[in-house]
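Worksheet for the structure shown next.
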Amino acid sequence: MIREIEKSELNELLHLYTHLHELGIPQDSEHLRNTWDTICNDDNHHIIVCEVDGKIVSSCVCVIIPNLSRNVRPYAFIENVVTHSEYRGRGYASACLEYAKELAQKANCYKMMLLTGSKSENTLNFYKNAGYNCDDKTAFIRWL
């Protein structure tokens, strides 16, 4: 089942993120809880999950960003695309991205963007097969 996350599922999401790039679960803190509350209360911030047998096995974030250009149409940014290592290759992340696309279309977004640090051909082909291209834009990152 593809759906948006429920507020009570933070711990399960944090466990899933250990299959992304996190080395562990962040310590429960006021900062963590405040950040989670901010995300949950932001109508433009969507955490999409795929649930299989009652377990969250895949997820992505879709943030709708208001914009003054492109005829005042927003755009969507995709981040934290992850599938539990035991559930990969079954289309779960693709389904999450498709749900994100539907959210972006409903919000009248003119584009969706994502970045990946992966150089793996499998990962790059996954995003290409999901409808993304790496030809139109050049990404630059400044780490802080």
Side-chain angles (χ1 to χ4, degrees), residues 1-28 31-141 143:
M1 172 190 346
I2 306 298
R3 60 177 174 77
E4 292 198 49
I5 198 162
E6 296 176 14
K7 190 168 186 176
S8 63
E9 296 174 314
L10 172 61
N11 197 46
E12 197 169 350
L13 181 66
L14 294 175
H15 279 279
L16 179 62
Y17 281 173
T18 64
H19 295 267
L20 182 61
H21 50 65
E22 299 300 314
L23 299 177
I25 308 275
Q27 183 177 3
D28 187 21
H31 177 63
L32 174 67
R33 284 181 260 114
N34 287 342
T35 300
W36 183 238
D37 285 342
T38 299
I39 290 169
C40 290
N41 292 322
D42 183 347
D43 290 338
N44 287 321
H45 200 132
H46 305 272
I47 299 178
I48 300 156
V49 297
C50 175
E51 179 184 332
V52 176
D53 297 328
K55 179 179 181 176
I56 294 175
V57 300
S58 188
S59 179
C60 74
V61 172
C62 176
V63 180
I64 308 296
I65 302 170
N67 181 43
L68 293 174
S69 68
R70 300 291 182 154
N71 203 24
V72 195
R73 291 177 65 194
Y75 58 94
F77 191 80
I78 305 299
E79 185 63 80
N80 296 336
V81 180
V82 60
T83 300
H84 188 290
S85 60
E86 295 175 11
Y87 292 83
R88 291 183 182 156
R90 301 181 194 177
Y92 298 140
S94 295
C96 288
L97 289 174
E98 187 60 28
Y99 190 101
K101 178 184 169 192
E102 292 169 12
L103 289 175
Q105 288 173 322
K106 285 179 189 172
N108 196 32
C109 291
Y110 76 94
K111 71 177 177 182
M112 297 177 73
M113 297 186 304
L114 65 79
L115 300 171
T116 182
S118 176
K119 306 297 183 211
S120 160
E121 281 299 315
N122 286 343
T123 301
L124 300 178
N125 286 333
F126 164 76
Y127 288 124
K128 289 175 186 176
N129 289 334
Y132 295 83
N133 77 69
C134 55
D135 301 322
D136 292 345
K137 299 263 184 178
T138 301
F140 291 88
I141 297 175
W143 296 103

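Side chains are part of it too, since the values below use all heavy atoms of this structure and drop only hydrogens, waters and symmetry mates. Here, residue 1 is the first one in the sequence, and each next residue gets the next number.
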Among all residues two or more places apart in sequence or in another chain, which pass the side-chain hydrogen bond (donor to acceptor under 3.5 Å, both in side chains) test with Asn125?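 None.
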
Taking all heavy atoms of [X] and all of [Y], pick out the closest pair and write down the distance.
| X | Y | result |
| --- | --- | --- |
| Trp36 | Glu6 | CZ2-O, 3.9 Å |
| Lys7 | Cys40 | CG-SG, 3.8 Å |
| Ser118 | Ser120 | OG-N, 3.1 Å |
| Tyr110 | Tyr75 | CE2-CB, 4.0 Å |
| Arg33 | Asp28 | NE-OD1, 3.1 Å |

If you count every heavy atom of other residues, nucleotides or ligands that lies below 6.0 Å from [X] atom [atom1], does the total exceed 12?
| X | atom1 | result |
| --- | --- | --- |
| Leu68 | CG | no |
| Lys106 | NZ | no |
| Arg70 | CZ | no |

Enter the distance from [X]:[atom1] to [Y]:[atom2] here, rounded to the nearest 0.5 Å.
| X | Y | atom1 | atom2 | value |
| --- | --- | --- | --- | --- |
| Tyr127 | Thr116 | OH | OG1 | 4.5 Å |
| Leu115 | Cys134 | CG | SG | 12.0 Å |
| Lys111 | Phe77 | NZ | CZ | 10.0 Å |

Ignoring hydrogens and angles, write down the donor-acceptor pairs under 3.5 Å from the side chains of residues 42-66, residues two or more places apart or on other chains.
unit_1 : atom_1 : unit_2 : atom_2 : d
Asp42  : OD1    : Asn44  : N      : 2.8
His46  : ND1    : Glu4   : OE1    : 2.9
His46  : ND1    : Glu4   : OE2    : 3.2
His46  : NE2    : Asp43  : O      : 3.2
Glu51  : OE1    : Arg3   : NE     : 2.9
Glu51  : OE1    : Arg3   : NH2    : 2.7
Ser58  : OG     : Val82  : O      : 3.0
Ser58  : OG     : Thr83  : OG1    : 2.8
Ser58  : OG     : Ala93  : N      : 3.4
Ser59  : OG     : Ile48  : O      : 2.8

Is there side-chain contact between Leu32 and Gln27, with at least one heavy-atom pair below 4.5 Å?
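Heavy-atom side-chain distance check fails, nothing below 4.5 Å.
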
field: Non-hydrogen side-chain atoms of Leu124 and Lys119 separated by less than 4.5 Å
entry: no

Would you be so kind as to tabulate the donor-acceptor pairs closer than 3.5 Å made by side chains of residues 95-102, with sequence neighbours excluded?
none

